[in-house]
Visitor: 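Sharing a structure below in structure tokens format, with a few things to ask.
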There are 4 protein chains.
Amino acid sequence: MKRPPTNADANPASTRSAVGRPRSAEAQEAILQAALELLGQVGYGSFSIEAVAARAGVGRPTIYRRWSSKLELAVEAVVRLAPSVKVVDSGDALADLRNLVSEILPDMTSSATGRAFIALAGDVEVRAELAHRLDERYFQPRRAVVAGLLQRAVIANQIRPDIDCDLLIDLILGAAVYRWLVTGTPVTGESARRIVDAVVDLAAPRP
Amino acid sequence: MKRPPTNADANPASTRSAVGRPRSAEAQEAILQAALELLGQVGYGSFSIEAVAARAGVGRPTIYRRWSSKLELAVEAVVRLAPSVKVVDSGDALADLRNLVSEILPDMTSSATGRAFIALAGDVEVRAELAHRLDERYFQPRRAVVAGLLQRAVIANQIRPDIDCDLLIDLILGAAVYRWLVTGTPVTGESARRIVDAVVDLAAPRP
Amino acid sequence: MKRPPTNADANPASTRSAVGRPRSAEAQEAILQAALELLGQVGYGSFSIEAVAARAGVGRPTIYRRWSSKLELAVEAVVRLAPSVKVVDSGDALADLRNLVSEILPDMTSSATGRAFIALAGDVEVRAELAHRLDERYFQPRRAVVAGLLQRAVIANQIRPDIDCDLLIDLILGAAVYRWLVTGTPVTGESARRIVDAVVDLAAPRP
Amino acid sequence: MKRPPTNADANPASTRSAVGRPRSAEAQEAILQAALELLGQVGYGSFSIEAVAARAGVGRPTIYRRWSSKLELAVEAVVRLAPSVKVVDSGDALADLRNLVSEILPDMTSSATGRAFIALAGDVEVRAELAHRLDERYFQPRRAVVAGLLQRAVIANQIRPDIDCDLLIDLILGAAVYRWLVTGTPVTGESARRIVDAVVDLAAPRP
DNA sequence: TTATAAACGAGACGGTACGTCCTGTCTTTTA
DNA sequence: TAAAAGACAGGACGTACCGTCTCGTTTATAA
């Protein structure tokens, strides 16, 4: 009986048998690192398991033992290696929002992360399963911290109280991601701040 | 001297030599049709020239003679077969906007069109060139008609006059595309209308 | 419908479709040559299609298009490139026999030919089919010329008339092949002649 | 310092350290038995250490600890499990010869034994070393008992006294082995007896 | 008794070759 | 002279074994 070749289920007390040689943590990290670098350099279309194995100094079967497809690998590389978001509270909710979004968006549209996300969305057969995983481990955490800041802004009367926060997040993140997709230019901190400012202005309380 | 293997320049009175057997128009259409169907069925990742040729009943070189890559072919298939946008003027600019967007967005995020667009955005090496082409022939025309309607809404005092129309379009289209990418559920006419309503509400003139 | 990937059936007016690019005769010869050289150098056990392709400067699928297995390829290489046997009639049947056998046996137990033959015999699943083919195209012709010479020797009263020629051939060839298999030293012209002499002596007419 | 991983030298008072867990005799036998069965079933070409380990219910390293290659293992399996030859003296040397050879030859050309022998002969790099070992432990003992019987036949004036016994053995065994190799049909007791009769007839003393 | 040494099964490791599929190019025949 | 058919060199795929290397466990001798 073979074990399903994924470790993305991420339950730390794994059910996998403890007998036999354990999987190498060095190989794991080398593979994810190599995958992320390659994704950033050549894009997902030309991203090959072969090249990842070569760059990581690892046998190809070692990759297949852990991930069942290049999409699984790409998703895990992105998720595991994406910078975590750190929320701060300076007292000024809008300023914190600007700073947070100007960190989140460039990463979201930078090469490797965005590329894997795009590739994911474009592959019809694995979409349902993997898009959810990426959403859950990448997008949802980021939306959550943004939502927290929006709530603080509402309480501080900097944003209309009748606003739909989810929609506001869609507008902010969506506008940036969409511009990036259409024009191809990654979103910078500066352009992220402009979008936040414009949306916040629209959502400001009526005088 | 070989002819550059593209006809995407689309000048109908081509300068190509008229001697010899002419290129088959049936083949052309069969290829584009097959490409679009395959894109919709298997996604861009599993989309192969081989399969397009087989489905179109055509030799592989016949495809390469016309398109230099599968991306070129995918883009042309999408652009040529996407429904044209028909702008109407019922007198109520906002109603016209709602109707227009509720037609544009579902197509934009429906299988084949959206898929090719995504695939395009995700492939680093051809991005600059082809994203521009898709933008020019698919997105820009749609943005233009939306922009026209927004102008009419401004004149009718249904939208604040100091608004940045481009930003508003980014917000509307971006929010929808982003939701589609993240959740995987295509945008319907209904959800498109909700987004328009919300953005228009935000952009309404201050009393 | 795929064509069965063998051309070993050797009917020159093949039923294969005449449309499309014909198979390259250069590739064919390069592959067989490379296969024979490799067989001689590394033996059948370490003989790989990969290496044959590399040495022949040919893509791997080009080999698989023609031969369905490495055994098929090995057999064909041996059969096609084995030197043909030229029978002479000097008047002295026994001398001719000595000369002929001293040419046949060293080739039969020399590296490539013998190796493929051995490999063939050792592989249980293809044995019935391929051993017959090798027998038919390699051994039978050699046995036939030897049988002819033995007949001449019988007529010249140099060999007992009641002899079973097939058995005599088995004795001559078998003793040599067996010695080679057991000791590993290839049969030389000299040792071949010794075997012929001994057997002829045994089979000489009683005075 | 590791011990060379072979036990084929078979000196029971090994120089190996006596401390630690001794090697399991059950594993040893299970491995040899499994190897012999697999050799008989799939031939040497498809014979894999992996399969032997699985069938013997043993870890792969347990095999490598004892034999350095699949050839070593195959040879030992054959040698250890081949039936021993029991020489009898009924008074009639020729009858004893017929009986002995009709036992030896079928085994020599039966599946597992013959297969390993063939595989051995075909592998260029290990040939010199292992062919000698197989010869020494399998062929030489059989040749020796045949030679003894031939001597008795000479003494009994049933065979010419000037005969080269080694050659006679080559003729008998060689003819059988050769027929088996070329035709693929194992040698039976009946066909073995026919060969003996024919050779003995040829080697009979001149009247 | 307890260490200690070495075997055991299990299974992952870096590799190699497999046979398949697709790429983009190139002939050859047919129309 | 373009179209279809199909072979070409090449390269990545995912799989099967290779022979080696940990693991945690078991089994004997030696202390």
Side-chain angles (χ1 to χ4, degrees), chain A residues 2-3 5 16-24 26-28 46-51 53-54 56-66 68-70, chain B residues 3 5 16-24 26-27 46-51 53 57-65 68-70, chain C residues 2-3 5 16-24 26-27 46-54 56-66 68-70, chain D residues 3 5 16-24 26-27 46-51 53 56-66 68-70:
Chain A
K2 279 195 185 176
R3 204 224 166 214
R16 193 158 65 81
S17 165
V19 306
R21 178 175 174 174
R23 290 188 179 161
S24 155
E26 289 87 347
Q28 183 91 355
S46 306
F47 169 79
S48 77
I49 299 272
E50 183 119 351
V58 140
R60 223 156 3 115
T62 298
I63 298 182
Y64 286 112
R65 224 171 270 129
R66 292 173 152 91
S68 60
S69 69
K70 36 192 265 192
Chain B
R3 184 188 184 255
R16 195 159 56 82
S17 164
V19 304
R21 177 171 171 179
R23 290 189 178 165
S24 157
E26 290 87 348
S46 306
F47 169 79
S48 78
I49 297 273
E50 182 116 352
V58 140
R60 232 164 346 125
T62 300
I63 297 181
Y64 285 111
R65 223 170 273 126
S68 60
S69 70
K70 42 191 258 188
Chain C
K2 278 194 186 176
R3 200 222 170 217
R16 196 158 62 82
S17 166
V19 306
R21 178 175 177 175
R23 291 187 179 161
S24 155
E26 289 88 348
S46 307
F47 169 78
S48 78
I49 298 271
E50 184 120 351
V52 173
V58 140
R60 226 159 357 122
T62 298
I63 297 181
Y64 286 111
R65 223 172 272 127
R66 292 171 154 91
S68 59
S69 70
K70 34 192 265 193
Chain D
R3 198 212 171 228
R16 193 158 59 82
S17 164
V19 305
R21 178 174 175 177
R23 290 189 179 160
S24 155
E26 290 87 348
S46 306
F47 169 79
S48 76
I49 299 274
E50 183 116 352
V58 140
R60 234 167 341 127
T62 299
I63 297 181
Y64 285 112
R65 224 171 271 128
R66 292 171 154 91
S68 61
S69 70
K70 42 191 255 189

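Quick note on labels: first sequence line is chain A, next is B, and so on, each numbered from 1. Just so you know, these numbers come straight off a predicted model, no measurement behind them.
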Visitor: What stem regions, each of at least 3 consecutive Watson-Crick or G-U pairs below 3.5 Å, can be found for DNA chain F?
Guide: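 The stems that DNA chain F takes part in, listed by first number, are E:1-31 with F:1-31.
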Visitor: At a cut-off of 3.5 Å, list every protein nitrogen or oxygen paired with a nitrogen or oxygen from nucleotides 9-14 of chain F, distance to 0.1 Å.
Guide:
{"residue": "dA9(F)", "atom": "OP2", "partner": "Gly59(C)", "partner atom": "N", "Å": "3.3"}
{"residue": "dA9(F)", "atom": "OP2", "partner": "Thr62(C)", "partner atom": "OG1", "Å": "2.7"}
{"residue": "dA12(F)", "atom": "N6", "partner": "Arg60(C)", "partner atom": "NH2", "Å": "3.3"}
{"residue": "dC13(F)", "atom": "OP1", "partner": "Ile49(A)", "partner atom": "N", "Å": "2.7"}
{"residue": "dC13(F)", "atom": "OP2", "partner": "Glu50(A)", "partner atom": "N", "Å": "2.7"}
{"residue": "dG14(F)", "atom": "OP2", "partner": "Tyr64(A)", "partner atom": "OH", "Å": "2.6"}
{"residue": "dG14(F)", "atom": "N7", "partner": "Arg60(A)", "partner atom": "NH1", "Å": "2.8"}
{"residue": "dG14(F)", "atom": "O6", "partner": "Arg60(A)", "partner atom": "NH1", "Å": "3.0"}
{"residue": "dG14(F)", "atom": "O6", "partner": "Arg60(A)", "partner atom": "NH2", "Å": "3.2"}

Visitor: Please name the pair of heavy atoms, one in Gly59(D) and one in Ala53(D), separated by the smallest distance, quoted to 0.1 Å.
Guide: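 Closest heavy-atom pair between Gly59(D) and Ala53(D): C-CB, 4.3 Å.
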Visitor: Show me the protein contacts with nucleotides 24-31 of chain F, counting only N or O atoms at under 3.5 Å.
Guide:
{"residue": "dT26(F)", "atom": "O2", "partner": "Arg21(D)", "partner atom": "NH1", "Å": "3.0"}

Visitor: Working to the nearest 0.5 Å, report the span between OG of Ser48(B) and CZ of Arg60(B).
Guide: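 One finds 9.0 Å between OG of Ser48(B) and CZ of Arg60(B).
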Visitor: For dG11(E), does either OP1 or OP2 sit under 4.0 Å from a side-chain N or O belonging to Arg66(A)?
Guide: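 Checking Arg66(A) against dG11(E): no side-chain N or O falls below 4.0 Å of OP1 or OP2.
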Visitor: I need the CD1-P distance between Ile63(C) and dG19(E), as an integer number of Å.
Guide: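 Interatomic distance, CD1 of Ile63(C) to P of dG19(E): 11 Å.
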Visitor: Looking just at side-chain N and O atoms, do Gln28(A) and Arg23(A) make a donor-acceptor pair shorter than 3.5 Å?
Guide: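 Side-chain D/A pair, Gln28(A) to Arg23(A): absent.
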